[in-house]
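Everything on this sheet refers to the single structure shown next.
Protein chains get the first letters and strands the later ones, always in sequence-line order, with residue 1 at the start of each.
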Amino acid sequence: MQRFSKEFYCRDVLDVAPEMLGQRLVRRYSNGLVEKYIVTEVEAYRGCEDLACHASKGKTARTEIMYSEGGRAYVYLIYGMHWMLNVVTGDKNHPQAVLIRAVKGCYGPGRLTRRLRIDKSFYGEDFTTSQRIWFEPTGRTPAIKAGPRIGVDYAGEYWASIPWRFWADID
DNA sequence: TCAGTGATTAGG
DNA sequence: CTAATCACTGAG
């Protein structure tokens with residue numbers, strides 16, 4: 001099965017995020033074991049004007065990767081214990097990312113990274129060339145639902161209520 | 001409901 | 001250096 005190429009990721013995050021639902025996340029461990037998961041829930045974070053997006057506070061060592069071309073991983077630690085896995089999208093200097101919140105059988109962004117053993121070493125990982133994590137098209141086009149993003153009340157009512165969380169009910 | 005946990009960030 | 005913040009989770 002072919003993985004998604006650069007072109008898939010180098011588009012607006014609001015186009016990419018919903019299209020990732022129903023697609024396959026593949027993780028290959030150092031011992032050769034390969035696990036495959038279907039993406040079921042994501043969130044879009046879009047540019048410096050989006051007050052819920054980390055890039056709204058400007059370019060820092062942590063957010064730098066979001067300013068690169070789409071197709072790389074933005075990984076960071078939250079609340080001192082949970083790694084968050086994001087997919088950078090869009091053109092260079094258009095900081096955007098898709099937070100992977102859930103896959104079939106594993107719900108919650110922190111649980112997901114714990115199960116897949118994703119940590120800081122995945123920061124900047126290139127999904128188009130990586131041998132340990134990537135995404136593949138499945139051909140599925142599930143019905144998509146949308147609602148407010150989780151845990152971003154600090155961004156103010158407008159950005160906290162905008163429906164940029166997307167999910168699909170996949171058995 | 002609420003504490004745990006530590007990297008990251010701005011500020012002195 | 002200090003202190004605040006935080007795209008979450010699990011226990012009760």
Side-chain angles (χ1 to χ4, degrees), chain A residues 8-23 25 27 35 37-91 93-127 130 133-135 144-170:
Chain A
F8 175 79
Y9 301 104
C10 292
R11 296 177 295 143
D12 192 276
V13 68
L14 294 177
D15 293 322
V16 178
E19 287 183 27
M20 293 190 72
L21 298 172
Q23 311 313 309
L25 167 57
R27 173 80 170 95
E35 290 180 341
Y37 299 89
I38 297 298
V39 178
T40 58
E41 185 182 9
V42 299
E43 280 176 359
Y45 289 86
R46 187 172 185 269
C48 44
E49 68 275 9
D50 174 5
L51 296 184
C53 179
H54 292 162
S56 65
K57 297 190 181 67
K59 194 179 196 174
T60 65
R62 180 178 66 152
T63 63
E64 187 179 20
I65 196 68
M66 273 202 283
Y67 290 76
S68 63
E69 265 191 332
R72 312 278 298 276
Y74 169 41
V75 176
Y76 66 93
L77 186 69
I78 192 67
Y79 297 116
M81 31 184 132
H82 309 294
W83 294 101
M84 299 288 103
L85 173 64
N86 294 256
V87 179
V88 175
T89 65
D91 295 325
N93 291 320
H94 288 254
Q96 309 182 328
V98 178
L99 171 65
I100 308 298
R101 290 193 60 88
V103 294
K104 185 177 166 184
C106 183
Y107 307 96
R111 292 173 178 165
L112 175 72
T113 55
R114 192 177 62 182
R115 174 181 296 197
L116 301 196
R117 291 185 236 159
I118 289 164
D119 59 18
K120 181 75 180 183
S121 76
F122 284 76
Y123 183 93
E125 191 86 357
D126 189 335
F127 291 114
S130 175
I133 190 167
W134 64 90
F135 292 91
I144 294 168
K145 301 183 180 181
R149 293 172 293 183
I150 303 295
V152 295
D153 287 350
Y154 64 85
E157 194 184 341
Y158 178 77
W159 294 105
S161 61
I162 196 164
W164 286 356
R165 179 166 62 100
F166 306 98
W167 69 95
D169 295 320
I170 297 173

Chain A reaches DNA chain C, atoms under 4.0 Å from its heavy atoms, from C:dC6 to C:dG10

Round to a whole Å and report the spacing from CG of A:D119 to C1' of B:dG6.
15 Å

NE2 of A:H54 versus C1' of B:dA7: gap in Å, rounded?
12 Å

Examine distances only and state if a side-chain atom of A:Q23 and a backbone atom of A:L21 form a donor-acceptor pair shorter than 3.5 Å.
yes

Rounded off to whole Å, could you give me the CD-to-C1' distance for the A:E64 and B:dA7 pair?
16 Å

On DNA chain B, nearest-nucleotide positions of A:K120 versus A:M81: which is more 5'?
A:M81

For the pair made of OH in A:Y79 and C1' in B:dG6, what is the distance, rounded to whole Å?
13 Å

Duplex segments of DNA chain C, taken as runs of at least three Watson-Crick or G-U pairs that stay under 3.5 Å:
B:1-4 with C:8-11, B:6-11 with C:1-6

Taking all heavy atoms of A:R115 and all of A:G105, pick out the closest pair and write down the distance.
NH2-O, 3.3 Å

Under the 3.5 angstrom rule, does the side chain of A:S68 hit a backbone N or O of A:I65 as a donor-acceptor pair?
yes

Between A:Y74 (OH) and B:dT8 (C1'), how many Å, whole number?
10 Å

At 4.0 Å (heavy atoms only), tell me whether A:R114 reaches a base, stays on the sugar-phosphate, or touches nothing.
sugar-phosphate

Just checking A:L77: base, sugar-phosphate only, or nothing, at a heavy-atom cut-off of under 4.0 Å?
sugar-phosphate

Take A:E19 and A:R11, measure what salt bridge (Lys or Arg N to Asp or Glu O under 4.0 Å) needs, and give me the verdict at the end.
CA-CA 11 Å; A:E19 287 183 27; A:R11 296 177 295 143; 2.9 Å; yes

For residues 79-89 of chain A, please give each side-chain donor-acceptor pair under 3.5 Å, one per line with the distance, not counting sequence neighbours.
unit_1	atom_1	unit_2	atom_2	d
A:N86	ND2	A:Y74	O	3.2
A:T89	OG1	A:Q96	OE1	2.9

If you compare all heavy atoms of A:T63 against all heavy atoms of A:H54, which two are closest, and at what distance to 0.1 Å?
CG2-CB, 3.6 Å

Would you mind classifying the nucleic acid contact of A:R149 as base, sugar-phosphate or nothing, using non-hydrogen atoms under 4.0 angstrom?
nothing

Keeping the roles fixed (side chain from A:R101, backbone from A:F166), state whether a donor-acceptor pair exists under 3.5 Å.
no

Shortest non-hydrogen contact from A:F122 toward A:R117
CE1-O, 3.6 Å

With a 4.0 Å cut-off on heavy atoms, is A:G80 in touch with a base, just the backbone sugar-phosphate, or nothing at all?
base

Is a side-chain donor or acceptor of A:R165 paired with a backbone partner of A:P148 at a separation under 3.5 angstrom?
yes

A:Y76 atom OH is separated from B:dT5 atom C1', nearest whole Å, by 15 Å

